[in-house]
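Input: a single structure, listed below in structure tokens.
Just follow the structure's listing: the first ligand is 1, and inside any ligand the first atom is 1. Throughout, residue positions are numbered sequentially from 1 according to the sequence presented. In this text the structure is predicted, and so the values were computed from the model without any measurement.
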Amino acid sequence: MKLTKTFAVLACTSALAAPAIADEVEVLHWWTSGGEAAAVSVLKSDLEGKGTGWVDMAVAGGGGDAAMTTLRARVTAGDPPTAAQMLGMTVREWADEGFLGNLNDVAAAEGWDDVIPPAVQAFGKYDGNWVAAPVNMHRPHWVWGSAKIFSELGLEMPSTWDEFFAAADKIQEAGYVAVAQGGQAWQEATVWEAVVLGISPDLYRTAIIEADDAALRSEGIVESFEIMRKIRGYVDPNFAGRDWNLATAMVINGEAGMQIMGDWAKGEVIAAGLTPGVEVLCDVAPGTQGSFLFNTDFFAMFDVGDDKQMAQQNMAASAMSVNFQETFNLAKGSIPARTDVPGDKFDVCAQKSMADLAEATASNTLFGSLAHGHGQPAAIQAAYTDVVTQHFNSDMSAEDAAAALADAVMAAK
Ligand code: BGC
């Protein structure tokens, strides 16, 4: 339960900006797609410019499941990396096990408490201490549309599921793949949580954040599985095992009309030299206007010995600077975790996220993403994901799926 280590107080903040000694950090992360790699290179160059070397430990696999398995193996073998990318619930779990360092000094020197939204602080702090540096806020419930296909067929981006399926029919009739879907459980969970949120924010709150038995067995959850079944009908036969970024590429290349995916997909659009909102259209998933699911990528520092402290502090300070958060998030597709980064250089989709985040915070419809580690601890998250993927990949009825979901979540709780 206890943090095992408190970093020594740094002599002064200027030491963070211009370290006297060269050192290096080994960083474990899962940013391997084109857009993700472009974003990670921003951090790498920033650090190298400040005299801290970067040893890359990239573990491919969207959503980070494979990376977290590798991380567990490294720590179990007594060889943790200096720093690791993690989602919110994972930060809590590693802190709870006592493996993470304490970043309070750098957080105080850089004023994190004043600029990081409370919803993000709730994951970056453990027992009142900063244990991980938040670099962004992703929003997982978007629909991306091929502007070429939409304009050719005279379609508008859908704002209801009826409109979504009407557009999907037209796209399919015209010979394109209607819905570009990847074939991995986390991608199906990403779609399902968007569907639940679109049915109502209250359903998301009760069935997911509160994991309430009655809510999980409710008509709303049955309806969510009916919508999933309909979506499945518009997915092409080759989706099994497909990575999310290959599905995004189908939309970018004008082979598929739409993809339901988080705004890391926008990083692919940007890496392809295109403009989000122009060649690839964006809107939030049907019914989710006014609500906001988020997932934040954190860098947590492992206790790897005193000689790495300066490099770890440099990395945390770099990742939290206003300039870095602007440049990094322009490439990553997310919005900054800091609230004081100017929005003027961001595309229309990110600007919509910034405005919607303020609205959802005010109306109490801001929630952590279940599919991306901010809704439930890993074991309970897995119970949801297993049933969602089992339903999507079989002919299970919506009623049976809701009952199986409630049973699985209750057993995992
Ligand atoms: C992470 C993103 C990443 C995406 C796909 C999400 O869980 O937060 O940074 O781009 O997974 O790998």
Side-chain angles (χ1 to χ4, degrees), residues 27-44 57-71 83-91 93 119-120 123-124 132-142 144 180-194 241-249 251 259-272 276 292-300 319 324-325 328-337 349-350 353 367-378 381-382 384-385:
V27 186
L28 186 145
H29 62 90
W30 66 89
W31 287 330
T32 55
S33 75
E36 291 174 332
V40 95
S41 74
V42 173
L43 182 54
K44 183 172 179 250
M57 177 72 203
V59 182
D65 294 343
M68 290 303 98
T69 305
T70 303
L71 178 63
Q85 175 196 357
M86 297 183 183
L87 298 169
M89 288 289 179
T90 321
V91 173
E93 285 163 19
V120 176
F123 291 102
V135 289
N136 61 6
M137 284 182 89
H138 268 305
R139 191 180 196 187
H141 53 110
W142 287 95
W144 307 97
Q181 178 72 25
Q184 290 150 357
W186 71 268
Q187 300 191 56
E188 289 145 10
T190 302
V191 175
W192 179 74
E193 69 177 14
R242 178 186 288 144
D243 287 325
W244 66 271
N245 53 316
L246 300 182
T248 308
V251 175
Q259 181 188 20
I260 304 164
M261 187 41 67
D263 46 16
W264 43 91
K266 186 153 60 73
E268 301 303 297
V269 176
I270 295 162
F292 199 112
L293 299 187
F294 79 98
N295 59 293
T296 287
D297 292 302
F298 289 88
F299 280 113
F324 169 79
Q325 292 228 344
F328 174 84
N329 284 296
L330 282 169
K332 187 70 180 65
S334 36
I335 59 174
C349 319
S353 264
F367 306 108
S369 156
L370 173 77
H372 297 274
H374 288 73
Q376 288 290 342
Q381 178 186 335
Y384 283 88
T385 304

task = Kindly compute the distance separating CZ (F292) from CD1 (I335), expressed to the nearest 0.5 Å.
result = 4.5 Å
Side-chain heavy atoms of E36 within contact of H29, under 4.5 Å = no
inquiry  = Closer than 4.0 Å to some heavy atom of N295 - which atoms of ligand 1 meet that?
reply    = 1 (C), 6 (C), 7 (O), 8 (O)
remark   = If we number the atoms of ligand 1 from 1 as shown, the ones under 4.0 Å from a heavy atom of L87 are 7 (O), 8 (O)
query = Do the side chains of H372 and T190 get nearer than 4.5 Å, heavy atoms only?
reply = yes
ask   = Can you check whether W264 has an N/O within less than 3.5 Å of an N/O in ligand 1?
value = no
query = For ligand 1, which part of T296 has a heavy atom less than 4.0 Å away: the side chain, the backbone, both, or neither?
reply = neither
message = Please report the interatomic distance CD(Q325) to OG(S334), rounded to the nearest 0.5 Å.
response = 9.0 Å
remark   = Within 4.0 Å of some non-hydrogen atom of G62, the atoms of ligand 1 are 12 (O)
task = Please round to the nearest 0.5 Å and tell me the distance separating atom CD1 of I260 and atom CD of Q181.
result = 6.5 Å
query = Which residue supplies the protein heavy atom nearest to atom 1 (C) of ligand 1, what is that atom called, and how far is it?
reply = D297 OD1, 3.4 Å
Closest approach of any protein heavy atom to atom 6 (C) of ligand 1, naming residue and atom = H372 ND1, 3.5 Å
task = Please report which non-hydrogen protein atom sits nearest to atom 10 (O) of ligand 1, along with the residue it belongs to and the distance in Å to one decimal place.
result = E36 OE2, 2.4 Å
query = Rounded to the nearest 0.5 Å, how far does CG of D263 lie from OG of S353?
reply = 5.5 Å
query = Please state which protein non-hydrogen atom is closest to atom 2 (C) of ligand 1 and give its distance, to 0.1 Å?
reply = K332 NZ, 3.5 Å
request  = Check each atom of ligand 1 against the heavy atoms of H138 and keep those under 4.0 Å away; list them by number with element.
outcome  = 2 (C), 8 (O), 9 (O)
ask   = How long is the gap from CG on L370 to CD on E193, to the nearest 0.5 Å?
value = 6.0 Å
request  = Assign the ring pair H374 / F298 to parallel, tilted or perpendicular, where the plane angle (0 to 90°) is split at 30° and 60°.
outcome  = parallel
request  = Pick, from W30, F298, W186, the option with the minimum heavy-atom distance to atom 11 (O) of ligand 1.
outcome  = W30
message = Using a 3.5 Å cut-off on N or O atoms only, is G63 in polar contact with ligand 1?
response = yes
query = In terms of the angle between their ring planes, are W264 and W244 parallel, tilted or perpendicular, with boundaries placed at 30° and 60°?
reply = perpendicular
N136, any N or O under 3.5 Å of ligand 1 N or O = no
